[in-house]
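Just so you know, these numbers use all the heavy atoms, side chains as well, and skip hydrogens, waters and symmetry mates.
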Amino acid sequence: MKLRILGSEEKGASRALYEEVFSEDGQSFVDYYYTEKTKDNQIYVIEEDGEIRAMLHLNPYKLLVNGIEKDANYIVAVATQEPYRKRGYMAALLKKSLNEMYHNGETFTFLMPASESIYLPFDFRTVYEQERSFYYEAEKQEKGILVTTASENDCEEIAAYASKYLSDNYQVYAMRDAAYYQRLMKEYASDGGCLKLFRKEGEIQDIRIDTGEEAGEEKPKIMIRIVDVRRMLMSMRLKEFMGTCFQITDPLIEENNRCVMITGTEFSGVMLMDGKRENSEGTITVAALASLLFGAKTIEEICEEDGVTMSDRMKEEMKKMIPLSKIYLNEVV
């Protein structure tokens, strides 16, 4: 078994495995993916018997988290050829990529699971269900609204509109610029879709997806995995002065196993120092920390999980952190 990252000129060699495992994706979409998305992504593979037998793709995004720009990877196309499954290949790919993301200074990573149960053992936790706005031709429009199909010439204007809307309403989202929408339009077009703009008196009022068919009711889930607990905690905002010391445990990223002293105010934000074990008021797993910080679970709920203990005082202090519950991660690949 050989685990490595493919060079730029080798990425096309993973297409056969992609098409074998993700056979539901049409050829035009796979053409788009291997033309556009592989320009700047990383593909981790495991080779056995001279061929690629398993892979994991890291697609880079710039996110805004509480107004702070962060580099993050969207994990996609996790696949193992059927005869080579149940050999621990996926676990090896996840552990290798997570540790390299840590050493590259990333805060967290995210994915859209085929099944949540696959990723729970690797400390991924579901924090968001995608909410997408779709266009329906038969839908009656408000008076004065003009609906048009977006073109490349609209990308700057779309990015400006979306950036303001997202900054006003969300804490965690992918940054928008013209290039983001140029690529997104190619993605939708590869699957027979497009973006529709809703204008009133020339100004954009809404942007929706036209898939060319009836949209399903399923809401894809997004799971997040903390990569660097210190960077994650430093990304949080506080309601008021807080201070507590606790131990964090992480079975996959050794550097995250640490005792931290966290303090700060609503004005300073989080200040973090190494804590002393004798001063610790509790222990929290990296998975439970993700559920808490992204607002998926309450303090009381995570305290019922294995590996989590908190003093009553620590519980009250941790409630002073403002969870990152306003999330908009609607990317597909």
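No side-chain donor-acceptor contact under 3.5 Å links E131 and N330. Side chains of E331 and Y173: a donor-acceptor N/O pair is absent below 3.5 angstrom, by distance only. For the residue pair K196/T149, the side-chain donor-acceptor check at 3.5 Å is satisfied. Side chains of S280 and Q247: no donor on one and acceptor on the other come within 3.5 Å. With no hydrogens or angles considered, a side-chain donor-acceptor pair links T107 and K70 at under 3.5 Å. Residues D250 and N257 bring no donor and acceptor atom of their side chains to less than 3.5 Å of each other.
When the side chains of ILVMFWY residues are joined at heavy-atom separations under 4.5 Å, either directly or via intervening members, V65 and L292 end up in a single hydrophobic cluster. Tracing side-chain contacts under 4.5 Å through hydrophobic residues (I, L, V, M, F, W, Y), one never reaches L252 starting from M232; they form parts of separate clusters. Clustering ILVMFWY residues whenever any of their side-chain heavy atoms sit less than 4.5 angstrom apart, transitively, puts Y61 in the very cluster that holds V127. Note: the hydrophobic cluster containing L64 also contains I222 (ILVMFWY, side chain heavy atoms under 4.5 Å, direct or indirect links). Under the 4.5 Å side-chain heavy-atom criterion for ILVMFWY residues, no single connected hydrophobic cluster contains both M112 and I75.
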Which is it for T211 and Y188 under the side chain to side chain donor-acceptor pair (under 3.5 Å) test, yes or no, and what are the steps along the way?
CA-CA 8 Å; T211 62; Y188 288 138; over 6 Å; no
Going through the distances and angles, do E317 and T244 end up as a side chain to side chain donor-acceptor pair (under 3.5 Å)?
CA-CA 7 Å; E317 292 301 298; T244 186; over 6 Å; no
Let's go through E266 and R237 carefully: what are the C-alpha distance in whole Å and the side-chain angles of both, what is the deciding distance for salt bridge (charged side-chain N to carboxylate O under 4.0 Å, His left out) to 0.1 Å, and is it a yes or a no?
CA-CA 7 Å; E266 66 269 40; R237 290 180 178 169; over 6 Å; no
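Counting heavy-atom neighbours within 6.0 Å of D49 CG, excluding the residue itself, gives a total above 12. Residue-environment remark: CD (E82) stays at or below the threshold of 12 foreign heavy atoms within 6.0 Å. For CD of E9, the number of neighbouring non-hydrogen atoms (other residues, nucleotides, ligands) closer than 6.0 Å is greater than 12. Annotation for E139: atom CD counts as buried by contact number, over 12 foreign heavy atoms lying within 6.0 Å. Summarising the local packing, CD of Q141 is surrounded by more than 12 heavy atoms from other residues, nucleotides or ligands at distances under 6.0 Å. For E301, the CD atom sits in a packed shell: over 12 heavy atoms of surrounding residues, nucleotides or ligands are nearer than 6.0 Å. Other residues, nucleotides and ligands place no more than 12 heavy atoms under 6.0 Å from the CD atom of E156.
Side-chain atoms of Q182 never come within 3.5 Å of backbone atoms of C155 as a donor-acceptor pair (strictly under, hydrogens ignored). Judged by distance alone, the side chain of Q205 and the main-chain N or O of E203 form a donor-acceptor pair under 3.5 Å. Here the side chain of S163 pairs no donor or acceptor atom with the backbone of A160 at under 3.5 angstrom. In this structure a side-chain-to-backbone donor-acceptor pair under 3.5 Å is missing from R176 to Y181. Under the 3.5 Å distance criterion, the side-chain polar atoms of R85 are matched with a main-chain donor or acceptor of T80. Of the possible polar contacts, none joining the D168 side chain to the Y165 backbone as a donor-acceptor pair under 3.5 Å is found. In this structure, K320 contributes its side chain and E240 its backbone to no donor-acceptor pair below 3.5 Å. In this structure, T265 contributes its side chain and F241 its backbone to no donor-acceptor pair below 3.5 Å.
Between K96 and E100 a salt bridge is recorded (basic side-chain N to carboxylate O distance below 4.0 Å). Taking 4.0 Å as the cut-off between side-chain N and carboxylate O, K319 and E316 count as a salt-bridged pair. At a threshold of 4.0 Å, the pair E305-K297 counts as salt-bridged, since one of the basic side-chain nitrogens sits closer than that to a carboxylate oxygen. A salt bridge links E142 with K200: at least one charged nitrogen is closer than 4.0 Å to a carboxylate oxygen. A salt bridge is defined here as a Lys NZ or Arg NE, NH1 or NH2 lying under 4.0 Å from an Asp or Glu carboxylate O, and E157 with R199 meets this definition. Between E36 and K39, at least one side-chain nitrogen of the basic residue sits less than 4.0 Å from a carboxylate oxygen of the acidic one, meeting the salt-bridge criterion. For the pair R208 and D206, the salt-bridge criterion is met [side-chain N within less than 4.0 Å of a carboxylate O].
Cation-pi check for R4 over Y44 is not met; the charged atom does not lie both under 6.0 angstrom from the ring centroid and within 45 degrees of its normal. For the pair K186 and Y32, the NZ or CZ position fails the cation-pi test of under 6.0 Å to the six-membered ring centre and within 45 degrees of the ring normal.
Taking the six-membered ring where the residue is Trp, the centroids of Y33 and Y18 are separated by under 6.0 Å.
In this structure, OG on S151 lies 10.5 Å from CG on L195, to the nearest 0.5 angstrom.
With sequence neighbours excluded, no residue forms a salt bridge (Lys or Arg N to Asp or Glu O under 4.0 Å) with E116.
Ring orientation note: the planes of Y128 and Y328 are tilted relative to one another, at an angle of 30° to 60°. Relative ring orientation between Y136 and F134 is described as tilted, the plane-to-plane angle lying within the 30° to 60° band. Ring pair Y84/Y89 is parallel by interplanar angle, where below 30° counts as parallel and above 60° as perpendicular.
Evaluated for a ring pair (Phe, Tyr, Trp, His ring centres under 6.0 Å) with F110, the options Y74, Y119, F124 yield exactly one hit, Y74.
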